[in-house]
Structures are given as C-alpha cells and as structure tokens.
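So you know, we letter chains A, B, ... as the sequences are listed, proteins then strands, and number each from 1.
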Amino acid sequence: MEQCKTSPMKNEAARIRRIFMLLKEHYPRARTGLRFENPYQLFVAVLLSAQTTDEQVNRITAPLFAAVPTVAAMAKMKAAELEPYLKSCGLYRNKSRYLVEASRMIMGEFGGALPDKFEDLTRLPGIGRKSANVILYAAFGKPALAVDTHVYRVSRRLGLSAAEDTAGVESDLKKALSPGEWGPAHHRLIAHGRALCRARRPDCARCFLKSCCPWKE
DNA sequence: ATCCCGAGGG
DNA sequence: CCCTCTGGAT
C-alpha cells in the first residue's frame, strides 16, 4: 500500500511483469494455430485470417496449397478462379483479389520472394500492420508484436495500454517488454483471449490474472 | 466511418 | 436473432 504512494510507477511495472510471468506459466508454448510450411503459405494463411478463425483458415488452405503451391502460381491466377477456394470464409472476394495482386507484386517487385521488411510487407494489398508483424516474427524470426482483436481487447482490459488504436497498443506493449518477449507475448495474449478473456462472457471467475486485473464487466 | 462476409456460438 | 472470428482498404 505504501509502495503505491511512494512509487506508483515502479509498482505498476511490477504488476505488468507479474502478468506476463503468469501468462508464461499458463501458456508456456503458445503459438500460431495457422498451418504453414514456408513463408508463402504463411503469407496466404495470414491474409485469409482476417475476421476468420484459424481453424476455418486451415480448412481452406489445405486444398488451396495443393492447387496453388507457390507465389508464382498464385500470381498467374485470376481472382475469379480463386474465389471457389475461399468461398467458405468471410470477405472472400477481397481476399481473392488481394492474394492475386499481392503475389503479382511479389513477383514483379521482390523477385518472387516474400519481403522480410515491415515497410515492404505493408505495401502488399491485404497486408497491413498486424499481418506484416505476424509474418516478420513467424516466417523470419524477427522481433515483432502483432496486435489483433484478441491482443487489443486483452491488453486494454488488463490495463497494459489505454491506447484507442492497435498501433498505440503495439507501442505500449513493446515498451513494457524486451524484443525477445514480443512474439511469445503476442501468442500468450491470444491464447488468454480465447480461453478466458473472451470478447463475450469473459470468465473472470476462473481467471488467474484476476488479482492483477483492473477490469470488471 | 464504412464496407466486405461465411461459419460458428449463444 | 445477435455477436465474434489472429483486418485492411477506401
């Protein structure tokens, strides 16, 4: 109690460290649920994952990768030819168009190889800040912290950030963590958002972070 | 701020 | 019926 008055900032830092320590304990090896074997497959899976569950994405990508196995093959497709493969996921018209256009840009401007820099990735249609960060970390092993709907919601409930947009939350989380922790933290916040800190009906009663969480529904 | 947009849960 | 799912472009 006295520590709160004498050094509130230091106390807050300790609270945040405790949150990530507990997340690590409960989700020791949290990682992406998207199935992929190379950067091309991750690029496709991430682009498809917008407003769609990873399980649904995996159902789609299995036949899609068999039919369209490379960036070069994707670049030769027409959006209309691709749509049947994406029919069962949301936003399928946009996603079909983005996949073809982005693949053509990768062929034309990046020599057929998926770029490994944030500024290049976000130039690709359908790849924004979140998807670029996922690719940087999962495909290239670079320090990056993607803020998706789960990370955004959970971070704000936990008081890790009060930012009103994903870029602001990303900035706050990065400041609170060392670069080596960014990727794992991303996956653990998602795991927590799915398991307990759900968008609807969060299970605060069973939450192991209850004692260090300011949020009440 | 709005649009895209099927599947699954409640 | 309503809300949400590893968003991005206009």
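- Across the protein-nucleic acid pair, A:R201 atom CZ and C:dC2 atom C1' stand 14 Å apart, rounded to whole Å.
- Between the P atom of C:dG8 and the NZ atom of A:K95 lies a distance of 11 Å, rounded to the nearest Å.
- A salt bridge is absent between A:K24 and A:E181; no separation between the charged side-chain nitrogens and carboxylate oxygens falls under 4.0 Å.
- Considering only side-chain N and O atoms, A:R153 lies under 4.0 angstrom from the phosphate OP1 or OP2 of C:dC5.
- A salt bridge is absent between A:K87 and A:E83; no separation between the charged side-chain nitrogens and carboxylate oxygens falls under 4.0 Å.
- Between the base of C:dT6 and the side chain of A:T53 there is no donor-acceptor pair shorter than 3.5 Å.
- When the nucleotides B:dA7, C:dG8, C:dT6 are ranked by their closest atom to the side chain of A:R194, C:dT6 comes out on top.
- Side-chain atoms of A:R157 never come within 3.5 Å of backbone atoms of A:W215 as a donor-acceptor pair (strictly under, hydrogens ignored).
- For A:E37, the CD atom sits in a loose shell: 12 or fewer heavy atoms of surrounding residues, nucleotides or ligands are nearer than 6.0 Å.
- The distance between atom CZ of A:F43 and atom C1' of C:dT6, rounded to the nearest whole Å, is 16 Å.
- The separation between A:R97 atom CZ and B:dC3 atom C1' is 11 Å, rounded to whole Å.
- Between A:I127 and A:T52, the one whose closest nucleotide on DNA chain C sits nearer the 5' end is A:T52.
- For A:Y92, whose side chain is taken as the heavy atoms from C-beta onward, the closest listed nucleotide among B:dG6, B:dG10, C:dG7 is B:dG6.
- Both A:G193 and A:R129 lie close to DNA chain C; mapped to their nearest nucleotides by heavy-atom distance, the more 5′-ward contact belongs to A:G193.
- Whole-Å rounding puts the A:N94 CG to B:dT2 P distance at 18 Å.
- Between B:dG8 and A:R59, a contact under 4.0 Å exists linking OP1 or OP2 to a side-chain N or O.
- Put simply, A:S131 has a side-chain N or O that comes within less than 4.0 Å of OP1 or OP2 on C:dG8.
- Separating the P atom of C:dT6 from that of B:dT2 is a span of 25 Å, rounded to the nearest Å.
- Ring pair A:F208/A:H26 is parallel by interplanar angle, where below 30° counts as parallel and above 60° as perpendicular.
- Atom CG of A:L91 is separated from atom P of C:dG8 by 11 Å (rounded to the nearest Å).
- Salt bridge A:R194/A:D54: present, at least one basic N to carboxylate O contact under 4.0 Å.
- Listed nucleotides: B:dC5, B:dA7, C:dT6. Nearest to the side chain of A:T32: C:dT6.
- Taking only side-chain nitrogens and oxygens, A:T149 comes nearer than 4.0 Å to OP1 or OP2 of C:dC5.
- Residue contacts for A:G90: at a heavy-atom cut-off of 4.0 Å it reaches a base atom on one of the strands shown.
- At a cut-off of 3.5 angstrom, the base of C:dC3 holds at least one donor-acceptor pair with the side chain of A:R200.
- When heavy atoms are screened at a 4.0 angstrom cut-off, A:K87 is found touching the sugar-phosphate backbone but no base atom.
- Here A:L124 lies in heavy-atom contact (under 4.0 Å) with sugar-phosphate atoms only.
- With B:dA7, C:dT6, C:dG7 as the choices, the nucleotide that has an atom nearest any side-chain atom of A:Q56 turns out to be B:dA7.
- With B:dA7, B:dG10, C:dC5 as the choices, the nucleotide that has an atom nearest any side-chain atom of A:A199 turns out to be C:dC5.
- Using atom P as the reference point in both B:dC5 and C:dT10, the two lie 15 Å apart (nearest Å).
- The interatomic distance linking A:L48 (CG) with B:dC5 (P) rounds to 14 Å, in whole Å.
- A:K78 has no carboxylate O lying under 4.0 Å from a charged side-chain N of A:E81, or vice versa, which leaves the two without a salt bridge.
- Remark: P of B:dA7 and CG of A:L86 are 12 Å apart, rounded to the nearest angstrom.
- OP1 or OP2 of C:dC5 sits under 4.0 Å from a side-chain N or O of A:H150.
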